[in-house]
Amino acid sequence: GAGVSQSPRYKVAKRGQDVALRCDPISGHVSLFWYQQALGQGPEFLTYFQNEAQLDKSGLPSDRFFAERPEGSVSTLKIQRTQQEDSAVYLCASSFLAGAGELFFGEGSRLTVL
Amino acid sequence: AQSVTQLDSQVPVFEEAPVELRCNYSSSVSVYLFWYVQYPNQGLQLLLKYLSGSTLVKGINGFEAEFNKSQTSFHLRKPSVHISDTAEYFCAVSVSGTYKYIFGTGTRLKVLA
């Protein structure tokens, strides 16, 4: 596709459920980022991939969060045993370069944990 | 560590008036600077970026920003705003040559008729 695609756009989960959020970056972009955006806040870094390699996962809040990008294109962010504090918008961004290039963002996946 | 401060959480301004959204950063090393705009229920879109060269950067939709190294600022300006400029604006910094982008908390621009 022409842009970064994220699905689902909206997800409501009961506390304790597992969720999976998908990101399809722009074709050819080697860098992929996941960010968490709480209400009224700026995006907070979660993790970074260069192709299939996860080079930085320092922003993942707990071991309940897991991300993968097995073939260097589509990425999945998985949250196990969701808790209310996980409610946020999860943004995926890709870039042809990292550190100087423009980040192209998807529209985000809004997760609400009840 | 790098940080970005956007002091104004909300800025109301009348249509056709000028606006300035402030951004200050802290870093001991060379950085790249960005402004992104987020419309309701949408992802972030790049407005403009400073990598090197001229300190005055022009972006889309008539916005511009000036990099001031001595004041560690990168304020965003527009001489005449439109209703359609109502959105959230985020300043971001990236240390040169790295992948880490740090975003500010955002400024909500509300353009009034």
Side-chain angles (χ1 to χ4, degrees), chain A residues 1-10 21 23-26 29-51 53-59 69 88-110 112, chain B residues 1-10 21-25 27 29-53 57 59-60 67 76 87-110:
Chain A
V4 178
S5 178
Q6 291 189 247
S7 62
R9 288 291 314 277
Y10 303 93
L21 308 176
C23 172
D24 197 345
I26 293 172
H29 280 195
V30 300
S31 295
L32 186 144
F33 302 79
W34 283 99
Y35 287 87
Q36 182 188 59
Q37 187 177 22
L39 192 63
Q41 299 296 315
E44 295 278 349
F45 172 81
L46 291 177
T47 187
Y48 166 65
F49 290 87
Q50 192 170 91
N51 296 309
Q54 188 175 23
L55 298 187
D56 189 339
K57 54 181 181 180
S58 63
R69 193 186 184 198
V89 175
Y90 291 85
L91 296 169
C92 177
S94 70
S95 175
F96 181 72
L97 297 173
E102 173 183 354
L103 293 184
F104 291 83
F105 282 85
E107 293 183 317
S109 292
R110 182 180 297 275
T112 302
Chain B
Q2 293 70 45
S3 66
V4 178
T5 302
Q6 292 181 251
L7 287 173
D8 306 306
S9 59
Q10 293 189 66
L21 306 184
R22 296 180 295 168
C23 173
N24 288 86
Y25 69 93
S27 176
V29 296
S30 178
V31 296
Y32 301 138
L33 295 157
F34 306 82
W35 275 99
Y36 284 84
V37 60
Q38 186 176 35
Y39 298 103
N41 297 316
Q42 294 188 26
L44 280 71
Q45 176 185 359
L46 183 69
L47 272 180
L48 47 80
K49 62 184 176 185
Y50 171 78
L51 304 182
S52 64
V57 180
I60 62 171
F67 170 56
L76 181 71
E88 188 96 23
Y89 292 80
F90 292 94
C91 182
V93 63
S94 170
V95 172
S96 304
T98 75
Y99 58 85
K100 249 333 176 20
Y101 294 79
I102 307 298
F103 287 84
T105 53
T107 296
R108 186 176 300 275
L109 175 63
K110 186 171 177 61

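Here the structure is a predicted model, which means the values were calculated and not measured. Letters go in sequence order (proteins before strands), and every chain restarts at 1.
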- prompt: Would you find a donor on one side and an acceptor on the other, under 3.5 Å apart, between the side chain of B:R108 and the backbone of A:G40?
  reply: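 Absent.
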
query: Quick one: does B:Y36's side chain have a donor or acceptor within less than 3.5 Å of a partner on A:L103's backbone?
result: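 Pair found, side chain donor or acceptor close to backbone of A:L103.
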
query: For A:E44, is it the side chain, the backbone, both or neither that has a heavy atom under 4.5 Å from a heavy atom of chain B?
result: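 Neither part.
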
task: Measure distances from A:S58 to the heavy atoms of chain B and classify the residue's part below 4.5 Å as side chain, backbone, both or neither.
output: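 Answer is side chain: those atoms of A:S58 sit under 4.5 Å from chain B.
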
Could you tell me whether [X] atom [atom1] has more than 12 heavy atoms of other residues or ligands within 6.0 Å of it?
| X | atom1 | answer |
| --- | --- | --- |
| A:R69 | CZ | yes |
| A:L39 | CG | no |
| B:Y39 | OH | yes |

- request: Tell me, with the steps shown, if B:F90 and A:Q37 meet side chain to side chain contact (heavy atoms under 4.5 Å, CB included).
  value: CA-CA 12 Å; B:F90 292 94; A:Q37 187 177 22; 3.3 Å; yes

Over all atoms of both residues, closest heavy-atom pair of A:R9 and B:N41: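 Smallest heavy-atom distance, with atoms named: NH2-O, 3.1 Å.
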
query: If every non-hydrogen atom of B:T105 is compared with every non-hydrogen atom of A:Q41, which pair is closest and at what distance?
result: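 Reported closest heavy-atom pair: CG2-OE1, 3.7 Å.
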
query: For the candidates A:Q50, A:E107, A:Q6, which exhibits the highest count of non-hydrogen atom pairs separated by less than 4.5 Å from chain B?
result: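 Of the options given, most contacts go to A:E107.
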
query: How many angstroms lie between atom CD of A:E102 and atom CG of B:L44, to the nearest 0.5 angstrom?
result: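 Going from CD on A:E102 over to CG on B:L44, the span is 11.0 Å.
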
message: Checking A:F104 now: which residues fulfil ring-ring contact (aromatic ring centres under 6.0 Å, His included) with it, not counting sequence neighbours?
response: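 Checked A:F104 against ring-ring contact (aromatic ring centres under 6.0 Å, His included); matches are A:H29.
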
field: With A:F45 via ring-ring contact (aromatic ring centres under 6.0 Å, His included) - residues at least two apart
entry: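 Per chain and number, A:F45 pairs via ring-ring contact (aromatic ring centres under 6.0 Å, His included) with no residue.
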
- prompt: Should B:Y99 and A:S31 count as side-chain neighbours, where that means a heavy-atom distance under 4.5 Å?
  reply: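 A side-chain contact is absent here, since even the closest heavy-atom pair is not under 4.5 Å.
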
query: Where do A:Y35 and B:Y101 land on the ring-ring contact (aromatic ring centres under 6.0 Å, His included) test, with the steps shown first?
result: CA-CA 10 Å; A:Y35 287 87; B:Y101 294 79; 7.5 Å; no

- prompt: Going by the angle between their ring planes, with limits at 30° and 60°, are A:F105 and B:F103 parallel, tilted or perpendicular?
  reply: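 The arrangement is perpendicular - the two ring planes meet at more than 60°.
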
message: Taking side chain as everything from C-beta outward and backbone as N, CA, C, O, which of these in B:Q38 sits under 4.5 Å from a heavy atom of chain A? Side chain, backbone, both or neither.
response: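 The answer is the side chain of B:Q38.
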
